[in-house]
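Data block below; observations after.
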There are 2 protein chains.
Amino acid sequence: MTRRDSVRNRERLVDAAREVFAEHGFGATLDDIARHAGLGTGTAYRNFPNKRAIAAEVLREATEQIAVDAREALEVEDPWDALVQFFERTGARQAADRGLYETLTGQGDDEVQARIWPEIVAAVTELFNRAYRAGAIRPDAAVQDIAAIFALLGPAFEMSRAIDPNLWRRYLALLLDALRPANQPDLPVGPPPVESLDLILRVGKRNL
Amino acid sequence: MTRRDSVRNRERLVDAAREVFAEHGFGATLDDIARHAGLGTGTAYRNFPNKRAIAAEVLREATEQIAVDAREALEVEDPWDALVQFFERTGARQAADRGLYETLTGQGDDEVQARIWPEIVAAVTELFNRAYRAGAIRPDAAVQDIAAIFALLGPAFEMSRAIDPNLWRRYLALLLDALRPANQPDLPVGPPPVESLDLILRVGKRNL
DNA sequence: TGAAAGCGGAGACAGGATCTCCGTTCAGCG
DNA sequence: CGCTGAACGGAGATCCTGTCTCCGCTTTCA
């Protein structure tokens, strides 16, 4: 039989991990998390074999929410609105959760990212294609640009954390404006090849 | 009298540092640089007291070029073209030089950044104001957005290094399109306060 | 040609993070 | 209650990584 305090402590640990990872990203140490939970390091390591394990636990639900966002967006009838809704929701999550942002951009746990990736890519492709066919997107844009836009938003999320929680919406709006059909000249360089999708989302990964 | 091999080695070291910092950023170790120069670590430390010193040497000229870009842009008569030219030139430098990019975004040597900053800010402000007064920029934009755009371009530079050296131009073009006056609705959030300029350029700085 | 300057790179040192160990505490059964 | 083993806490062992030093060996050049 498991002691009541033990299960309670496990929960506290997970809660603390959620908060600490959201605020500081994966740079945070397990000691930080234990401290934040009001517990000792030993307790943390009795409940989880290592840092990755607790991170995986916290991230599973967060990444799954992204997939949910994508599915829900697919139900919006107007193709452009659907795309915007996806950006909006997913952006909000990443702005609020640095750990999530790091995972999605490949700076976090590769395994978690690998598991959730295919589903998100499929949904986003669908989202993009619908809007593109409807003429809601400039003709010289490509799906890869959606991934790229998320990469570009990274710094905007950081700014949001430092300056104003809503600031990222300003730059999302700017980028979305740019995605719309326009009388601007064609983009000067073609989109990155589709195969480079994972590279795009891995930007910033230390790659000595 | 200094031995001939000694001065030659110093040059090799500086050249190696330039290349290594450009490619790997400041994460590179002095050992990496010495190796790349075909020399031993000891030699590196006999010529420079520490890593910062050699980095400062390499960066002085690079950062000064940015200021030159800004001054030259001010000489272009069309206000919008002037702004574009500055983005284009400075972007090219940062895309090619990761160390430079890190310095400008506050992830590198603070001192170098601090020295060059005021001049760049002044020139860019002038550049922006001219274009704004000429109506070449959407009315809800602000100078701070220029700094923000450079921050957003960071991931684009990384992509360029990983995928195609020209790729960043695509996203610069996208962002510049968005800056132009348009019939789009107003941006949903105001610009960050002017005082937060340094925060914007410090995005990504580890701030535990 | 020999002495002084320079070289090289193993390893001392420092900082920081992960994880372990064991004396102490306390939940919960009898 | 009182006992007992599961759970706790946190100091510190361990590992990793990067900076910098030290000193036996090599090279330059008067």
Side-chain angles (χ1 to χ4, degrees), chain A residues 1-17 20-21 23-59 98-99 102 107-112 205-208, chain B residues 1-17 19-21 23-59 98-99 102-103 107-112 205-208:
Chain A
M1 84 158 24
T2 12
R3 272 165 57 164
R4 197 131 17 90
D5 58 341
S6 177
V7 319
R8 189 201 52 200
N9 282 340
R10 188 181 207 281
E11 277 162 23
R12 283 193 187 169
L13 243 6
V14 175
D15 288 348
V20 171
F21 283 143
E23 172 132 15
H24 300 291
F26 290 111
T29 70
L30 250 206
D31 289 35
D32 289 340
I33 294 169
R35 189 78 42 92
H36 193 261
L39 297 169
T41 350
T43 306
Y45 279 94
R46 207 164 316 97
N47 282 283
F48 302 92
N50 52 45
K51 190 172 148 183
R52 286 190 62 191
I54 192 166
E57 173 111 5
V58 163
L59 279 164
R98 185 161 162 184
E102 289 177 358
Q107 300 166 259
D109 189 309
D110 284 352
E111 210 172 305
V112 175
K205 179 115 190 168
R206 262 282 164 263
N207 53 341
L208 182 109
Chain B
M1 82 159 22
T2 13
R3 275 165 56 165
R4 198 139 11 94
D5 57 341
S6 177
V7 319
R8 189 202 52 199
N9 283 340
R10 188 182 207 281
E11 276 163 24
R12 283 193 185 168
L13 244 5
V14 175
D15 288 348
E19 287 168 29
V20 171
F21 283 144
E23 171 132 15
H24 299 290
F26 290 110
T29 69
L30 249 207
D31 290 34
D32 289 339
I33 294 170
R35 188 79 41 91
H36 194 261
L39 298 169
T41 350
T43 307
Y45 279 95
R46 206 162 321 95
N47 282 285
F48 302 92
N50 52 46
K51 191 172 147 183
R52 285 190 62 191
I54 191 165
E57 173 112 4
V58 164
L59 279 162
R98 186 161 162 184
E102 289 178 359
T103 306
Q107 300 166 258
D109 189 310
D110 285 353
E111 210 171 305
V112 176
K205 180 117 190 165
R206 264 283 164 261
N207 53 342
L208 183 107

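These figures come from a predicted structure and were not determined experimentally. Lettering of chains follows the sequences in order, A, B, ..., and the numbering in each one begins at 1.
Summarising the geometry, the separation between NZ on Lys51(A) and C1' on dG16(C) is reported as 11 Å, rounded to the nearest angstrom. Distance, Leu39(A) CG to dT25(C) C1': 14 Å, rounded to whole Å. Between the CZ atom of Arg10(A) and the P atom of dC8(D) there is a distance of 12 Å, given to the nearest Å. Between Asp31(B) atom CG and dT17(D) atom P the separation is 13 Å, expressed in whole Å. One interatomic measurement links the two molecules: CD1 of Ile54(A) to P of dT18(C), which rounds to 12 Å at whole-angstrom precision. The CZ atom of Phe48(B) sits 15 Å away from the P atom of dT19(D) (whole-angstrom rounding). Residue Ile33(A) contributes atom CD1, which lies 14 Å from atom C1' of dC19(C) at whole-angstrom precision. Atom CG in Leu30(B) sits about 18 Å away from atom P in dT17(D), given to the nearest Å.
Taking 3.5 Å as the limit, the base of dA5(C) and the side chain of Arg3(B) contain a donor-acceptor pair of atoms between them.
At a threshold of 4.0 angstrom between heavy atoms, the contacts of Arg46(B) include nucleobase atoms, whether or not backbone atoms are also involved. Within the nucleic acid shown, Thr29(A) comes within 4.0 Å of sugar-phosphate atoms alone, with no base atom in reach, counting heavy atoms only. Using a 4.0 Å heavy-atom criterion, one finds that Asn50(A) contacts the sugar-phosphate atoms exclusively. Residue contacts for Asn9(A): at a heavy-atom cut-off of 4.0 Å it reaches the sugar-phosphate backbone alone, with no base atom in range. Among the protein residues, Ser6(A) comes within range of the sugar-phosphate backbone only, with heavy atoms under 4.0 Å from sugar or phosphate atoms but none that close to a base.
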Asn9(A) vs Arg12(A), test: side-chain contact (heavy atoms from CB on, under 4.5 Å). Steps then yes/no.
CA-CA 5 Å; Asn9(A) 282 340; Arg12(A) 283 193 187 169; 4.2 Å; yes

Phe48(A) and Ile33(A): CA distance, side-chain angles, deciding distance, side-chain contact (heavy atoms from CB on, under 4.5 Å) verdict
CA-CA 12 Å; Phe48(A) 302 92; Ile33(A) 294 169; over 6 Å; no

Evaluate the criterion side-chain contact (heavy atoms from CB on, under 4.5 Å) for residue pair Glu23(A) and His36(A); output intermediate values, then yes/no.
CA-CA 12 Å; Glu23(A) 172 132 15; His36(A) 193 261; over 6 Å; no

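Considering CG of Asp32(B) and CD of Glu19(B), their distance stands at 13.0 Å, rounded to 0.5 Å.
Applying the 4.0 Å criterion to OP1 and OP2 of dT21(D), one finds that Tyr45(B) has every side-chain N and O outside that range.
Of the two residues contacting DNA chain D, namely Arg52(B) and Asp5(B), the nearest-nucleotide position lying further toward the 5' end is that of Arg52(B). Summary of the strand contacts: Thr41(B) and Arg35(A) both lie near DNA chain D, and taking for each the nucleotide with the nearest heavy atom, the more 5' one is attributed to Arg35(A).
Proximity of a side-chain donor or acceptor of Glu57(A) to a complementary backbone N or O of Val14(A) within less than 3.5 Å is not detected.
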